[in-house]
K.L.:
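Right, I'll just put the structure down here and ask away after.
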2 protein chains.
Amino acid sequence: MPRRSSEDSSKRNGSARMRDVAVRAGVSTMTVSRVLNEPGKVSEEMRERVLKAVREIGYLPNHLAGSLSSNRSTTIGLIVPSIDNSIYTQTVKGLSEVLKRSGFQLMIAESGYDPNEEEELITVFLSHRVGGLVLHSTEHTPQAIEKIRKSGIPVVENGNIPKEPLDMVVSYSNRDASYAMTMHLGRLGYRKIAFASLYSVHNDRSQDRLKGYLAALKQLGHEPDPRMVLETGRGLAAGAEVVARVMQSVPEVDALFCAGEVLAAGALFECQRRNWSVPGRIALASFDDVDLLRHVSPSITTLRLPRYDIGERTARILLSRIIDGADHLRGSVVDLKFEVIQREST
Amino acid sequence: MPRRSSEDSSKRNGSARMRDVAVRAGVSTMTVSRVLNEPGKVSEEMRERVLKAVREIGYLPNHLAGSLSSNRSTTIGLIVPSIDNSIYTQTVKGLSEVLKRSGFQLMIAESGYDPNEEEELITVFLSHRVGGLVLHSTEHTPQAIEKIRKSGIPVVENGNIPKEPLDMVVSYSNRDASYAMTMHLGRLGYRKIAFASLYSVHNDRSQDRLKGYLAALKQLGHEPDPRMVLETGRGLAAGAEVVARVMQSVPEVDALFCAGEVLAAGALFECQRRNWSVPGRIALASFDDVDLLRHVSPSITTLRLPRYDIGERTARILLSRIIDGADHLRGSVVDLKFEVIQREST
DNA sequence: CCTGATTTTGATATCGGTAACAACAGAATT
DNA sequence: AATTCTGTTGTTACCGATATCAAAATCAGG
């Protein structure tokens, strides 16, 4: 038995169907579909007749039905470690703006820095049949990798440049950026450069930043000192704690490179509280250029990373793959440029 | 001619269909569907047989098809003015965490503070057949309101408590919060209290904050002074500009209430640069309690708003409507509490 | 052991669209 | 004038699931 008489063309659910538009315009549903999706293939007259009916009825196409039937999707899944990290928001904005222009939507979820949670979310997104995936993390469970491969949809990794990309990558090199800043400090004449980052377990960005720091020390001919490599949690308080810790354990430290803008700001505020002159007593450098670092005094030397661009390029490359079927882009790695911004704190 | 032989049960697209699982388990698709959605209605034996087949095939349900057929959706649409506003991220997090637990997904888009853009996005979300909508703005075009009404889906407004709610509201009162802080300053003995906010055109939050300020001044018996009511743009620089402007035009000002945490921080940094003692020369108060305000020195007096709670409650109330069909919640207004946090800056 | 109530399972139509091909008309070619 | 081409519109069979109702199997009670 039918669930509803198929002749019933009146509104029931609030929304009208394409069928209703077709009847009103005196054409077939295919013509309506064409007017809405490939207007060029329909005669002027039909187009107007159909659009008039669409307007009069207040017809809203059903994307679910369209995607199901055409096996195409205008939804992109994005997984970030944490939504409230100010750093990602610029990237999300870049993504969102470009996607919106092409009529694509963003589904966002947070993995809480946990690969298993990420896998779960990937599964959900795949079952929503997203047209593409954007992952901030570059660390995935084997099952997650398997599922993505099997699905065949294009993926962009964003947070770092992994040794073994899943598919496409749009990022900057955390290692190179960290190296560049450390070298910058070395060239400015600092002899005892400490390094602070977030805990590096399950965080390849932190790991790479540490590698860059160590490589630069070697290049500079400085001896690495375990007491000057610190790891800590998130938040301004962590930055405060870190600077206090290193000043305590290595009084002769003359510079602190914080691989994270929140840590750097926290460190600066602590220095202000303790009356440690910056950069007189200790120089401070940061990662990522946020408004805050430019406006505190002293303003903080930092790295300008292409956060917004990453989102923008990610969207573009994904759309090329989805819309134009640009298969030659499979496996592309886009390594975006960064910049050292010298300010008062060094 | 068929698009694909309907007998072909092998994998083609990467993903298997429910049909394939059914064949493998030797049951009908309805039984598979039941095992996945209403396990209680299926016998122990069937359940195991089907789940085994699901595992072996690596079957992933197709949500598009499921939603289309059942006319239910597990997607919630969220429209924020701007994704990179640190204030919303807490709310988004609260929303996201609760929704995820119930297997719902979030579709996010930004309206850029423009009601027409918001209307456009609402249309897109409706055509994606979202199960509910969350709007940060409380200002909508008549067409947007009409479309939402017609669709019949539940909606929550989040950014303020509007006079004429669309449906449900979960927020705090910007007017009351602003009133409370102004009264607090008055009780502390400040006589010349200035007020700074973002431009209030198309921003009813700013408008309400101004109303609260003016109401408090009246209550305190202070004469309102147009020179002490400032509007400006976003960013730390705007905060700096605002404090400089008011000190210039009204030298006897003794407190500045910034209705926005970025403005307040910008104002503080400018005071530090100019060596205006805070609160000695001028007191500063802020709106919204972010980590930064607690860690600068002097730490800044501010309002603690229930950002995360708003997201959480919004998700809950929406889920009640969608899952439990709790129609009695239609039109609910949840007015969450805020708090004045007294710190060193006043 | 049979009958009616209850629980499981399946057949079928449908959700609202689109792909693929057929049908037809007027334009272009020979 | 017959034939081929091109451009428009319609017909039909699906996309991959679920609602509904019917059929089959199991259970209870007499």
Side-chain angles (χ1 to χ4, degrees), chain A residues 1-9 11-23 25-50 54 57 59-74 126-129, chain B residues 1-9 11-23 25-50 54 57 59-74 126-129:
Chain A
M1 200 77 96
R3 294 196 276 189
R4 180 183 87 216
S5 162
S6 83
E7 302 305 329
D8 173 16
S9 66
K11 66 280 163 197
R12 343 97 274 195
N13 200 11
S15 52
R17 299 166 300 176
M18 189 176 268
R19 175 89 253 178
D20 304 325
V21 176
V23 168
V27 298
S28 72
T29 61
M30 260 327 289
T31 299
V32 177
S33 175
R34 288 196 186 100
V35 168
L36 264 25
N37 300 311
E38 312 164 293
K41 292 191 172 179
V42 177
S43 70
E44 183 68 26
E45 189 209 333
M46 283 292 145
R47 207 178 315 150
E48 282 176 11
R49 200 134 58 102
V50 169
V54 166
I57 294 189
Y59 169 70
L60 213 55
N62 184 325
H63 249 81
L64 296 178
S67 299
L68 175 60
S69 180
S70 66
N71 198 31
R72 270 180 269 122
S73 165
T74 59
L126 290 180
S127 91
H128 273 271
R129 296 299 189 268
Chain B
M1 200 80 93
R3 293 195 276 190
R4 181 183 88 213
S5 161
S6 83
E7 303 302 331
D8 172 18
S9 66
K11 64 282 163 196
R12 342 97 276 193
N13 200 10
S15 51
R17 299 165 299 177
M18 190 175 267
R19 173 89 258 179
D20 306 325
V21 176
V23 168
V27 299
S28 72
T29 60
M30 262 326 290
T31 300
V32 178
S33 174
R34 288 197 186 99
V35 168
L36 266 22
N37 301 312
E38 311 165 292
K41 291 193 171 177
V42 176
S43 71
E44 182 68 26
E45 189 211 332
M46 283 292 144
R47 208 181 312 151
E48 282 175 11
R49 199 134 59 100
V50 168
V54 165
I57 293 189
Y59 168 71
L60 213 55
N62 185 325
H63 248 80
L64 295 179
S67 298
L68 175 60
S69 181
S70 66
N71 198 30
R72 271 178 267 123
S73 166
T74 60
L126 289 179
S127 89
H128 275 270
R129 295 299 189 268

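Order of the sequence lines sets the chain letters (A, B, ...), proteins ahead of strands, with each chain counted from 1.
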K.L.:
Mind checking A:Arg72 for me? I need base, sugar-phosphate or nothing, with any heavy atom below 4.0 Å counting as a touch.
P.N.:
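Sugar-phosphate contact only.
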K.L.:
Just jot down the salt bridge (charged side-chain N to carboxylate O under 4.0 Å, His left out) partners of A:Arg34, sequence neighbours excluded, or say none.
P.N.:
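Partners of A:Arg34 by the salt bridge (charged side-chain N to carboxylate O under 4.0 Å, His left out) criterion come out as none, since no residue qualifies.
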K.L.:
Figure out the NZ/P separation between B:Lys41 and D:dC21, and round it to whole Å.
P.N.:
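Rounded to whole Å, this separation is 13 Å.
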K.L.:
Check this one for me: any side-chain N or O of A:Ser70 less than 4.0 Å away from OP1 or OP2 of C:dG17?
P.N.:
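No, outside the criterion.
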K.L.:
Under 4.0 Å between a side-chain N/O of B:Ser43 and OP1 or OP2 of C:dT8, yes or no?
P.N.:
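False: B:Ser43 side-chain N/O out of range (4.0 Å or more) of C:dT8 OP1/OP2.
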K.L.:
With a 4.5 Å limit on heavy-atom distance, are the side chains of A:Val35 and A:Arg49 in contact?
P.N.:
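Not touching, per the 4.5 Å side-chain cut-off.
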K.L.:
For the pair made of CZ in A:Arg129 and P in D:dC15, what is the distance, rounded to whole Å?
P.N.:
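It is 13 Å, rounded to the nearest whole Å.
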K.L.:
Identify, between B:Met30 and A:Thr31, the residue whose nearest nucleotide on DNA chain D lies closer to the 5' end.
P.N.:
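On the 5' side of the pair lies A:Thr31.
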K.L.:
Picking from C:dG17, D:dT11, C:dA11, which would you name as closest to the side chain of A:Ser28?
P.N.:
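Selected nucleotide (nearest to the side chain): D:dT11.
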K.L.:
With nearest nucleotide decided by heavy atoms, which residue, A:Gly66 or B:Thr29, maps closer to the 5′ end of DNA chain C?
P.N.:
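The residue mapped nearer the 5' terminus is B:Thr29.
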K.L.:
Rounded to whole angstroms, how far apart are CZ on A:Arg17 and P on C:dC15?
P.N.:
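Roughly 6 Å, once rounded to whole Å.
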K.L.:
Whether B:Asn37 contacts D:dT18 is assessed here as follows: a side-chain N or O lying under 4.0 Å from the phosphate OP1 or OP2. Is that the case?
P.N.:
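Checking B:Asn37 against D:dT18: at least one side-chain N or O falls below 4.0 Å of OP1 or OP2.
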K.L.:
Quickly work out the B:Asn62 CG to D:dC14 P distance and round it to whole Å.
P.N.:
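Rounded to the whole Å, the gap is 18 Å.
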K.L.:
Using atom CD of B:Glu38 as one end and atom P of C:dT7 as the other, report the distance to the nearest whole Å.
P.N.:
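Checked: the CD to P distance equals 15 Å.
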K.L.:
Which whole-number value in Å describes the distance from B:Arg47 CZ to C:dT7 P?
P.N.:
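Roughly 15 Å, once rounded to whole Å.
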K.L.:
If you go through the side-chain atoms of A:Arg34, does one of them form a donor-acceptor pair with the base of D:dG10 closer than 3.5 Å?
P.N.:
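Answer yes: a donor N or O sits under 3.5 Å from an acceptor.
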K.L.:
Where each residue is assigned the nucleotide of DNA chain C containing its nearest heavy atom, which of B:Ala65 and B:Val42 is assigned the position nearer the 5′ end?
P.N.:
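Taking each residue's closest nucleotide, the earlier one in sequence belongs to B:Val42.
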K.L.:
So which nucleotide from C:dT9, C:dG16, C:dG17 ends up closest to the side chain of B:Met46?
P.N.:
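My answer, after comparing the listed nucleotides, is C:dT9.
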K.L.:
Distance check: side-chain N/O of B:Ser69 vs OP1/OP2 of C:dC15, anything under 4.0 Å?
P.N.:
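Checking B:Ser69 against C:dC15: no side-chain N or O falls below 4.0 Å of OP1 or OP2.
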K.L.:
How would you list, by chain and number, every residue that makes a side chain to side chain donor-acceptor pair (under 3.5 Å) with B:Ser127, sequence neighbours excluded?
P.N.:
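With neighbours one apart ignored, the set is A:His63.
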K.L.:
Counting distance only, does the side-chain N/O of A:Ser67 pair as donor-acceptor with the main-chain N or O of A:Arg72 below 3.5 Å?
P.N.:
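Yes.
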K.L.:
Is there side-chain contact between B:Leu36 and B:Tyr59, with heavy atoms separated by less than 4.5 Å?
P.N.:
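SC-SC contact between B:Leu36 and B:Tyr59 confirmed.
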K.L.:
Reckon A:Asn71 has a side-chain N or O less than 4.0 Å from the OP1 or OP2 of C:dT18?
P.N.:
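Indeed not, no polar side-chain atom of A:Asn71 lies that close.
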